Amino acid sequence: MTTSESDRERAQALRDFLHHHAHRYYVLDAPELPDAEYDKLFRELQELEARHPDLLVPDSPTQRVGGKALEGFEKVRHKVAMLSIRTETDIEASGARNFDTRVRRELGLAAGDPPVEYVAELKFDGLAINLRYEHGVLVQAATRGDGEIGEDVTQNIRTIGQVPLRLPADVPPVLEVRGEVYMRRDDFEHMNELQREKIARGAKNEKTFVNPRNAAAGAVRQLDPSITRQRPLSFFAYGWGEVEGGPAFGTHIEMLLALRAWGLPVSDRIEVARGADDLVAYHQAVGRERDQLPFDIDGVVYKVNSLALQKQLGFVTREPRWAVAHKFPAQEQVTTVEAIDIQVGRTGKLTPVAKLAPVFVGGVTVTNATLHNEQEAQRKDVRVGDTVIVRRAGDVIPEVVAVVPAKRRHDSQVFTMPAHCPVCGALAVREEGEADHRCTGGLFCGAQRKQAILHFAQRRAMDVEGLGEKLVDQVVEAGVVKTLPDLYRLGLANLVALERMGEKSAQNLLAGLHKSKATTLPRFLYALGIRHVGEATAKDLARHFGQLDAIMDASIEQLLQVPDVGPVVAESIHTFFRQPHNREVIEQLRACGVHWEEGEPAAQAPQPLAGKTVVLTGTLPSMSRDEAKELLEAAGAKVAGSVSRKTDYVVAGAEAGSKLDKARELGVAVLDEDGLRALLGNG
Ligand code: IVH
């Protein structure tokens, strides 16, 4: 097909438009266009390029999509060596002073001379990358390698939304940007969560990642760009390599600001510092902010601001004299596992917890780290006596990330969950398809009883003022409270009989209990502690059914009509109310005077896909097949196993096979995950 001038213009317009919005979305974090609109225009460009391959240019936004797998990486000789940077070993404030002293000495400055100007930056914990732009187009991305020769990872780097594929017209004709590819902590946690789910579902060859740096480095050096594409990477520019033409810059900060103006992501936590005092202040301020940052840093970097002075200072071996890295205390440390304890939660969940020899990591002393469940503990193969790497970054709870195998004792034993609950001795079981072991003791188990009461009494549930952890321990241990209704049967006499309980506090508690009886249906439902019923679900149930009795008697099908209630949650609610014991507890609570206002059932949830038949095939980027099925069914659709003329939609993910072919053959509408979300009305 010949390419008309209007096609050419349209493609150009689409590219410009999409570039602009990708920049707003990924770099500025300020999108001005709904995703669906972006996707529509993106697809239009894709189709245009497919019809007219001569319109396809390497910097087209469509070229971010991972291409075919590589055999291995090509080697790239860096035009300007990628140096490393000296690390100031002294992590105290003196680290910054030592650097300033050295710089002043090298520059021959006397004590009375003015302070040297520096730029202070964060030291991102990721992987150094050189981006080469020629006439504003990203032509190559390479790793540092040995500093002289790196690897060509262009295809992978193209998948990173924050890396512009094209820069504005006024950039130098040759511009190499240097910076760090990294992974945000929330992206890392989310990705590992998905990995754990895959492993729990029996996926082979899947693993969790140790930390964001390793995950980012692994993703960049992944041979299949379509896998890199699924790893959420980010980028910060902090320097440059070869630059030809363009304006002349006098300082490092001017250059950084120019990079930012050209559309590259430059951290806003950069500061111009005058002299050692400013560097010390920056180091301390960033040290305090470190936990709140959305990504890991392992220190800060100081650079002499004037490029002329940088030149004058030059290099020692492979390190510049004009820059230094000033580290923070590590977020990973080595320690030993002294024991593996089992904790029992409110719902009876047994959690193995590694008891560690105390270790200072990420700014706090850590003595416990969760091992999540038996499968996780065995997958990492953590054993009592092992030497392990512990990580604590940000507000994330400490984790054992790996064992140091060389230090394992010969007589160590693989960890297994005990067959019985360590608190009540009841059988501990692991249900099919579940990762967790649970105590079967129910409210007879002291641990569950205490946790269930605390949950019931908490502010967001029944809001019983004055009933805290200590008191719950006391009333449960004294045997005066065995079930939830027992709380409302407490009298002054049993309370005053408790150790350290004065009459005044006893009266306060009784008043708190009395006040809590007037509640709302969502609070009451949440307070019951039904598995998988959090506050939001409790509210949805109350809104949908209006009355407790209707919820108690609802069938699974009726429960599935509630927005956001899927099969697992419906099953859990249904099972809970089928237990005579639970109904008895509710009856008694009502008899004790617990009450709320009941309402009318809400209108039936909208079922936009009623009567539609959908077939799922392949792997969707961020949704499991079960999730997709649940959502479709909740919207009223029927999910079928094979494609026929009766099929309304086929939702196809990666590696979709014959079902997709069949759909095309029959002319059935094919959707990707975004299309599915749009269909469900939340895309
Ligand atoms: S400047 C010649 N600035 O730390 C100076 N490096 O050896 C070159 N890094 O792996 C480096 N944040 O990737 C510089 N703000 C920053 C940095 C930074 C992280 C990494 C870099 C390299 C190591 C320095």
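Bear in mind the structure is a predicted one, so any value in this text is a computation, not a measurement. Each ligand, and each atom within it, is numbered from 1 in the order the structure gives.
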Peer 1: Hey, do the aromatic rings of His326 and Phe99 have their centres closer than 6.0 Å?
Peer 2: no
Peer 1: Looking at His19 and Leu165, would you say the former's side chain and the latter's main chain have a donor-acceptor pair under 3.5 Å?
Peer 2: no
Peer 1: Does anything in residues 163-177 form a salt bridge (charged side-chain N to carboxylate O under 4.0 Å, His left out)? List the pairs, not counting sequence neighbours.
Peer 2: Asp16-Arg166, Asp59-Arg166, Arg132-Glu176, Glu176-Arg178
Peer 1: Which pairs with one or both residues in residues 324-333 pass salt bridge (charged side-chain N to carboxylate O under 4.0 Å, His left out), sequence neighbours excluded?
Peer 2: Asp298-Lys327, Glu332-Arg391
Peer 1: For the ring pair Phe236 and Phe295, is the centre-to-centre distance below 6.0 Å?
Peer 2: yes
Peer 1: As a check for students: among Tyr238, Tyr182, Phe124, identify the option with a heavy atom nearest to atom 6 (N) of ligand 1.
Peer 2: Tyr238
Peer 1: Relative to the heavy atoms of Glu121, which atoms of ligand 1 are at a distance of less than 4.0 Å?
Peer 2: 3 (N), 15 (N), 16 (C)
Peer 1: N/O to N/O below 3.5 Å, does that happen between Lys303 and ligand 1?
Peer 2: yes
Peer 1: Looking at ligand 1, does any of its N/O atoms fall within less than 3.5 Å of an N/O of Leu122?
Peer 2: yes
Peer 1: How close does the nearest protein non-hydrogen atom get to atom 7 (O) of ligand 1, and which residue and atom is it?
Peer 2: Ile85 CG2, 2.8 Å
Peer 1: Answer yes or no: is there a donor N or O on one side and an acceptor on the other, between the side chain of Lys380 and the main chain of Val400, under 3.5 Å?
Peer 2: yes
Peer 1: At what distance is the nearest protein heavy atom to atom 4 (O) of ligand 1, and which residue and atom is it?
Peer 2: Lys123 NZ, 3.2 Å
Peer 1: Could you check atom 13 (O) of ligand 1 against the protein and tell me its nearest heavy-atom contact, residue, atom and distance included?
Peer 2: Glu180 OE1, 2.3 Å
Peer 1: I'd like to check which ligand 1 atoms, numbered from 1 as shown, lie under 4.0 Å from a non-hydrogen atom of Pro320.
Peer 2: 2 (C)
Peer 1: Tell me: protein heavy atom nearest atom 8 (C) of ligand 1, and distance?
Peer 2: Leu83 O, 3.9 Å
Peer 1: Please tell me whether Tyr118 and Asp100 have a donor and an acceptor in their side chains that are separated by less than 3.5 angstrom.
Peer 2: yes
Peer 1: Identify, for atom 10 (O) of ligand 1, the protein heavy atom at the shortest distance, and state residue, atom and that distance.
Peer 2: Ala128 CB, 4.1 Å
Peer 1: Among the heavy atoms of Arg144, does any lie under 4.0 Å from an atom of ligand 1?
Peer 2: no
Peer 1: How close do Leu279 and Ala120 get, counting heavy atoms only, and between which atoms?
Peer 2: CD2-CB, 4.4 Å
